[in-house]
2 protein chains.
Amino acid sequence: MGRPATLSRSGIIAAAEVLVRDHGVAALTARRLGNALGCDPTALYRHFTTMSDLEREVGDRFLRAVDVRALDGDDWRTTIRRICLKLRRVQVRQPRLAALVSAAPTRLANEMRITEALLRELDRGGFSGDQAATAYHALIELTVGSAAIDAPLATQPADTRRRTYSDWRREYTELSPAESPASVAVAPHLYLGSADTRFEAALDLLLDGISAQQRIQ
Amino acid sequence: MGRPATLSRSGIIAAAEVLVRDHGVAALTARRLGNALGCDPTALYRHFTTMSDLEREVGDRFLRAVDVRALDGDDWRTTIRRICLKLRRVQVRQPRLAALVSAAPTRLANEMRITEALLRELDRGGFSGDQAATAYHALIELTVGSAAIDAPLATQPADTRRRTYSDWRREYTELSPAESPASVAVAPHLYLGSADTRFEAALDLLLDGISAQQRIQ
DNA sequence: GATCATTTGTCAACAGTGTTGACAAATTGC
DNA sequence: GCAATTTGTCAACACTGTTGACAAATGATC
């Protein structure tokens, strides 16, 4: 009963998703979203208690794109690697949204789906419940955490990004060799390639560590 | 020449540090800081071009607390471990500030100091420049990234935190065993202990992976 | 010593944010 | 028909960062 609703939770989330996709997450404000929906901004508060409630839901919505199926012939490590890379790719595209999602697990549908897949693969790898939980936490912290770090720069165009990285590298090169010998020595290797390749390398190191547990028992 | 300055960059930063320490990072606004300094909020813009400039500087200020010296007899791995744990501890205490610092390297004094120490230890461990850079990136992404994730909850009192974790664990336990078998099976091991111990375990796994590189050449 | 440029702080104002509380419209149950 | 309930609208509050005009206070120059 009551006045018939013209708005709905899912409709609002869908509109919010479009807004974020087209104009970035900074555009996700009550007034802009109300405008897009043709309703008063405060009408949103009838369906979400607070704006970050809505953001949480939109954040999970973006995780739909993460395909967690294991491909034929792929072992646990290959599959986990692919899921983490994909998860990162999605998170990195939505800077501040990623920060919001990562602030606390949303424990909404898509996040649960990804968790299940990761734990499934760890089980397939023969890890104990305890080992699997530890490995899962480590993978999530690295993947989501590094996405939160890299997201801001990821919104910039590719050449701006490259220039930024080479600027940083140069800064380390030009440090005083007396005070910062190690930085100066390693500088040519810092911030080479893309943030994605650096994450890939980090993920491989972590997976090496996790694999080693497998044999230890 | 010109009108004599009653404010200074360092004085403003110091006041901002106190403000953040006493009332949390949310209190770091132009008006509140101006109030604390007994000046007009817009006077700050004579010393910082923008508020996030100021935040960047305050963020680096907090990193002073990270002691990077190697203790006698400690090998590279032990020292790196201690630095990362300490870095995390500082970052976690300042939720949103950590997010700001991690958004882009501040490349200010204290951050450079920590970088130098990590690279120094990796050199001591016999890693090549390329290996050291990769390991450094991985360590920073895990440490700073996971701090950004865990920071929001870290501000809550300990028993609230414990309750939150056990709530999450229960949520995974109560999933449908048909749809989410792996989650249900591993649930009793999820979110056990503190976020700090989970990070420690993740760091150890990563360090295992990094150590393995040492022997590969 | 007066004048001038320059620096620095003050003030009012703008455009934006989330959110609340009173009010009106539109439905269902009695 | 009346009451209860839901839902959207509207005005308003308390904030936010930031800008541009203005005034005060200095050192340098004529």
Side-chain angles (χ1 to χ4, degrees), chain A residues 1-20 22-59 94-97 99-101 103-104 106 152 155, chain B residues 1-20 22-59 94-97 99-101 103-104 106 152 155:
Chain A
M1 65 164 131
R3 174 171 168 175
T6 60
L7 266 46
S8 71
R9 260 185 95 88
S10 58
I12 294 174
I13 294 173
E17 194 184 355
V18 172
L19 202 60
V20 171
D22 293 355
H23 301 95
V25 77
L28 185 50
T29 74
R31 283 168 181 80
R32 286 196 71 158
L33 184 52
N35 237 15
L37 284 161
C39 72
D40 191 272
T42 62
L44 303 171
Y45 286 82
R46 299 285 177 200
H47 302 266
F48 299 89
T49 64
T50 177
M51 276 306 281
S52 57
D53 252 32
L54 171 57
E55 290 165 344
R56 218 171 65 101
E57 213 93 33
V58 175
Q94 302 304 333
R96 202 166 148 159
L97 219 61
L100 282 161
V101 171
T106 64
T155 59
Chain B
M1 66 163 133
R3 174 172 167 173
T6 61
L7 266 50
S8 72
R9 260 185 95 90
S10 59
I12 294 173
I13 295 173
E17 193 185 355
V18 172
L19 201 62
V20 171
D22 293 355
H23 301 95
V25 76
L28 185 49
T29 72
R31 282 168 182 78
R32 286 196 69 160
L33 185 52
N35 238 14
L37 284 162
C39 71
D40 192 273
T42 61
L44 303 171
Y45 286 82
R46 299 285 176 198
H47 302 268
F48 299 89
T49 63
T50 176
M51 276 307 281
S52 57
D53 251 32
L54 171 57
E55 288 165 345
R56 218 171 63 101
E57 212 93 33
V58 175
Q94 301 305 333
R96 201 166 151 160
L97 218 61
L100 281 163
V101 173
T106 63
T155 59

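Within every chain, numbering begins at 1; the chains are lettered A, B, ... in the order of the sequence lines, protein sequences first and strands thereafter.
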>> Nearest 0.5 angstrom please: B:E17 CD to B:D22 CG, how far?
In response: 10.0 Å
> Just how far is it from atom CG of B:L28 to atom CG of B:L19, taken to the nearest 0.5 Å?
Replying inline: 6.0 Å
>> Is there a side-chain contact between B:P41 and B:L33 in this structure, where contact means two heavy atoms from C-beta onward sitting under 4.5 Å apart?
In response: no
> Between which nucleotides of DNA chain C, 5' to 3', does chain A make heavy-atom contacts below 4.0 Å?
Replying inline: C:dT17 to C:dT28
>> Quick check: do A:L37 and A:T6 have side-chain heavy atoms less than 4.5 Å from each other?
In response: no
> What integer distance in Å separates B:D53:CG from D:dG17:C1'?
Replying inline: 13 Å
> Closest nucleotide of DNA chain D for B:R31 versus for B:R3: which of these residues is on the 5' side?
Replying inline: B:R31
> With no hydrogens and no angle check, is any side-chain donor or acceptor of B:T50 less than 3.5 Å from a backbone partner on B:D53?
Replying inline: no
>> Could you check whether any side-chain heavy atom of B:T29 comes within less than 4.5 Å of a side-chain heavy atom of B:R32, counting everything from C-beta outward?
In response: yes
> Which parts of residues 36-51 of chain B get close to DNA chain C, meaning a heavy atom less than 4.0 angstrom away?
Replying inline: B:C39, B:D40, B:T42, B:A43, B:R46, B:H47
>> Which residues pass the side-chain contact (heavy atoms from CB on, under 4.5 Å) test with B:R46, not counting sequence neighbours?
In response: none
> Separation of B:L33 atom CG from D:dT16 atom P, in whole Å?
Replying inline: 11 Å
> Taking the side chain as C-beta and beyond, is there a heavy-atom pair between B:I13 and B:F48 under 4.5 Å?
Replying inline: yes
